[in-house]
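Everything on this sheet refers to the single structure shown next.
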Amino acid sequence: MTQAKSMEDLVSLCKRRGFVYPASEIYGGLNGFWDYGPLGTQLKNNLRDAWWQDMVLCPPTGPGGQPLQIVGLDSAIIQNPRVWEASGHVAGFNDPMIDCRQSKARYRADQLRYLHPTGEGEGRLFAFIEGDEKSFERALKLLGKYVKRDLGRGDVEILDIPEPDAELLARTVGPDATEPGTLTEPRPFNLMFPTIVGATGDWEENKAYLRPETAQGIFINFKHVMDTTRVKVPFGIAQVGKSFRNEVTPRNFIFRSREFEQMEMEWFCHPGEAREWFEFWRDQRLAWWKSIGLTGEDLRLRQHESDELSHYAKEGVGTADVEYRYPFTHPDFGELEGVAHRTDFDLRMHQEHSGQKLEVFDQERRERYLPHVIEPAAGLTRGMLAVLCEAYTRDESRPSPEIMRFHPRLAPIKAAVFPLVNKEGMPEIAERLVQRLRARFGRFGMIETDAKQSIGKRYARMDEAGCPFCFTVDGETVKDQTVTVRDRDTGAQERIAIERVESFLSERLGL
RNA sequence: GCGGGUGUAGCUCAGUGGUAGAGCGUCACGUUGCCAACGUGAAUGUCGUCGGUUCGAAUCCGAUCACCCGCUCCA
């Protein structure tokens with residue numbers, strides 16, 4: 001019997017077993033930051049390595065079965081601030097917001113419009129949300145009531161003031177308010193983390209930013225990679241690394257944190273082939289998440305509606321998200337990876353802002369162009385969260401009900417070896433087996449051993465850590481050179497020759 | 001940023017003004033010898049933090065921080 005998964009139980013297990021700790025907790029914590037413990041670090045490294053192996057070292061074959069070329073990159077977290085001006089992040093990550101003290105609603109300042117009768121701009125104004133018909137009609141009706149006459153659309157003027165001052169706001173009635181003067185002045189929301197470069201840096205003159213995404217590091221190195229690695233379009237550049245966003249509300253464990261890790265690949269291709277590559281990567285990425293264990297009903301692909309497309313994707317063939325049904329989004333889904341056609345937006349912007357030519361010359365086509373980009377951008381920390389959620393299982397019929405059913409490739413502990421009793425030659429045999437397994441599998445994850453306490457307790461600990469196989473040395477081992485293997489998921493045991501342990505693991509772990 | 005909730009041992013939680021608690025986990029010893037077993041013992045807390053009221057505060061009040069839920073936000 002399995003029960004519904006609870007986020008609380010998972011968070012508690014993660015702390016108890018050393019997957020994820022609240023950051024700087026001994027000082028009271030810090031909202032939006034998390035530390036990864038011994039098991040969590042290994043799990044995250046395994047997930048990252050799996051992505052790197054399947055993306056850069058052994059990429060899939062293309063739609064026509066052709067080999068694909070993807071190279072790696074590790075760019076600096078802090079770049080020249082002009083990078084973020086070119087990419088649109090300085091403007092786009094700075095939306096000034098207006099709050100309504102009365103209705104508690106919050107509006108983007110650039111989306112508010114102000115209504116007054118034609119030629120009578122000095123009196124009371126009524127705000128509405130641009131593009132929201134209901135909101136407009138409400139403002140029109142209230143304005144009509146206020147001036148005590150019927151107003152049609154031809155009788156009013158609409159003001160578009162991105163940064164309204166206090167005087168104007170004082171005589172404005174908010175979109176959801178009944179009295180004037182309830183709107184606050186616009187306050188900037190800075191989603192980028194500012195910092196200072198230089199030990200004696202002046203704040204304004206030396207201001208730089210921690211990157212809000214890894215993608216731009218790839219675009220600004222596009223020319224370097226083209227010039228130094230003999231790649232030809234179509235090809236990809238992949239990067240894994242930390243990104244930083246001053247989220248308004250960090251929430252839901254490690255799902256939205258202010259410091260997070262991304263795995264992004266920018267696939268550069270001919271504009272005419274964008275659709276084909278978009279569909280290829282979209283399907284490829286969904287299949288990849290399945291291949292590392294997200295095999296259930298909780299993984300899906302969702303094509304974006306046209307009105308939710310980001311600034312660079314409007315002209316493209318689309319955006320699709322790989323989504324996971326996290327316990328806190330249930331029954332809805334939350335984003336895990338976005339696959340977007342970024343068109344040539346980024347290269348074009350960097351070409352304009354830097355003055356450097358970023359076009360390629362295509363020998364086969366005899367054509368010069370800016371490549372289009374298909375971007376599969378996954379959250380490593382979100383991926384880890386999905387993997388944790390998927391793995392977490394409660395089985396009340398077992399003496400140790402909590403089990404982390406990690407895919408063997410991701411499991412932080414690959415195997416454990418126990419002497420059934422801590423005497424009679426068993427610890428020595430177990431220790432020798434541990435050394436053999438470390439030599440063979442140690443580079444993929446931990447090989448644990450434990451001689452203390454009852455065997456059931458040791459099995460239970462390994463279940464919570466998600467170790468797929470436990471080998472136990474017992475009295476028989478001394479006589480006939482066999483050990484028992486216990487399977488994490490079934491609890492079933494079989495006896496195999498101690499000589500066969502490596503080949504058994506190799507086969508079961510796929511390593 | 002707003003509203004609601006929560007904060008006591010590693011985890012789950014009890015404790016409504018008068019000596020800081022339980023279960024589980026952890027550790028040690030013994031026993032047992034394949035599923036959180038049994039026995040004995042041990043360690044672990046500025047009761048989130050700071051301030052106030054009080055003879056006395058985990059408990060009442062205020063502020064603050066963190067987490068959870070709902071808004072809002074989320075290239």
Side-chain angles (χ1 to χ4, degrees), chain A residues 6-9 11-18 21-34 37 84 87-95 97-108 176 184 187 189 191-192 212-213 215-216 243 245-253 255-258 260 304 308-314 319 328 334-335 338 340 342 345-346 375 377 397-403 418-424 426 452-464 470-476 483-488 490-495:
Chain A
S6 123
M7 212 53 210
E8 245 168 90
D9 291 345
V11 171
S12 145
L13 183 144
C14 280
K15 183 174 179 186
R16 182 157 38 91
R17 285 295 158 198
Y21 307 124
S24 43
E25 201 184 21
I26 63 169
Y27 289 103
L30 187 61
N31 195 2
F33 296 89
W34 300 90
W84 310 110
S87 68
H89 285 86
V90 170
F93 261 49
N94 273 298
D95 293 330
M97 306 296 296
I98 291 180
D99 288 325
C100 177
R101 295 188 197 91
Q102 187 191 0
S103 66
K104 306 297 180 199
R106 170 174 290 169
Y107 316 98
R108 268 172 58 173
D176 301 288
T184 64
R187 278 177 312 157
F189 269 61
L191 259 56
M192 275 203 291
E213 63 175 20
Q216 297 305 324
S243 292
R245 290 180 197 175
N246 251 324
E247 296 289 355
V248 179
T249 314
R251 202 53 82 80
N252 293 328
F253 199 31
F255 181 77
R256 176 171 296 134
S257 42
R258 290 187 165 134
F260 60 105
H304 275 210
E308 56 177 322
L309 292 178
S310 39
H311 63 99
Y312 51 76
K314 287 240 168 24
T319 297
F328 51 81
E335 189 183 337
R342 291 182 81 127
F345 177 84
D346 303 277
E375 173 196 76
S397 72
R398 282 173 53 159
S400 50
E402 288 185 304
I403 309 155
F418 302 138
L420 182 62
V421 184
N422 200 16
K423 57 187 179 188
E424 292 161 23
M426 295 178 208
K452 300 291 175 67
Q453 298 183 312
S454 75
I455 190 71
K457 213 171 255 197
R458 288 179 269 165
Y459 286 150
R461 276 198 281 253
M462 285 300 133
D463 284 346
E464 284 193 349
C470 296
F471 299 93
T472 301
V473 172
D474 58 16
E476 300 269 304
V483 291
T484 60
V485 191
R486 174 193 179 266
D487 182 287
R488 173 196 67 200
T490 62
Q493 277 179 278
E494 60 179 306
R495 186 164 274 279

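What you see is a predicted model, and the numbers here were worked out from it, not measured in a lab. Order of the sequence lines fixes the chain letters, A, B, ..., with proteins taken first and strands second; residue numbering starts at 1 for each chain.
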Tabulate atom names and distances for all N/O pairs under 3.5 angstrom spanning the protein and nucleotides 23-27 of chain B.
from: U26(B); atom 1: OP1; to: Arg461(A); atom 2: NH1; distance (Å): 2.1
from: C27(B); atom 1: OP2; to: Gln453(A); atom 2: OE1; distance (Å): 3.1

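Checking Glu247(A) against Val421(A), the closest nucleotide of RNA chain B that is more toward the 5' end is the one next to Val421(A). Across the interface with RNA chain B, nearest-nucleotide mapping of Glu464(A) and Arg458(A) shows Arg458(A) to be the residue nearer the 5′ end.
Nucleotides C13(B) and U8(B) place their C1' atoms 9 Å apart, quoted to the nearest Å. Taking atom C1' in both G25(B) and A43(B), one finds a spacing of 13 Å when rounded to whole Å. Comparing the P positions of A9(B) and G52(B) gives a spacing of 25 Å, expressed to the nearest Å. Taking the P atom of each, U54(B) and C67(B) are spaced 35 Å apart, rounded to whole Å. Spacing of P atoms, A57(B) relative to A37(B), comes out at 42 Å, to the nearest Å. Taking the P atoms as reference points, A75(B) lies 49 Å from C24(B), given to the whole Å.
Among G10(B), C34(B), A36(B), the nucleotide with an atom closest to any side-chain atom of Lys15(A) is G10(B). For Ile455(A), taking side-chain heavy atoms from C-beta onward, the closest of the listed nucleotides C34(B), A75(B), A66(B) is C34(B). Considering only side-chain atoms of Gln493(A), the nucleotide from C34(B), C69(B), A66(B) that sits closest is C34(B). Distance from the side chain of Arg495(A) is smallest for C34(B) among the nucleotides A66(B), C34(B), A37(B). Side-chain proximity of Lys423(A) to the nucleotides G33(B), A75(B), C67(B) is greatest for G33(B).
Counting all heavy atoms, side chain and backbone alike, Ser87(A) lies closest to Gln216(A) at CB-CD, 3.4 Å. Shortest non-hydrogen contact noted between Gly32(A) and Ser257(A) is O-CB, 3.2 Å.
Heavy-atom contacts from other residues, nucleotides or ligands closer than 6.0 Å to CD of Glu476(A) number more than 12.
A salt bridge links Arg16(A) with Glu402(A): the distance from a Lys NZ or Arg NE/NH1/NH2 to an Asp or Glu carboxylate oxygen falls below 4.0 Å.
Within 4.0 Å of Arg251(A), counting heavy atoms only, lies at least one base atom of the nucleic acid.
The CD atom of Glu476(A) sits 11 Å away from the P atom of C34(B) (whole-angstrom rounding). Following rounding to the nearest Å, Glu8(A) (CD) and C11(B) (P) show an atom-to-atom distance of 13 Å. Summarising the geometry, the separation between CD1 on Ile403(A) and P on A36(B) is reported as 13 Å, rounded to the nearest angstrom.
Across all strands shown, C27(B) is found opposite G41(B) as a Watson-Crick or G-U wobble partner, with both distances under 3.5 Å.
At the phosphate of C68(B), neither OP1 nor OP2 sits under 4.0 Å from any side-chain N or O atom of Asn252(A).
Residue side chain Ser12(A) does not reach the base of C11(B) through any donor-acceptor N/O pair under 3.5 Å, judged by distance alone. For Arg486(A) and C34(B), a side-chain-to-base donor-acceptor distance below 3.5 Å is absent, hydrogens and geometry of angles not being considered.
Listed by chain and number, the residues in a side chain to side chain donor-acceptor pair (under 3.5 Å) with Asp487(A) are Thr490(A) (sequence neighbours excluded).
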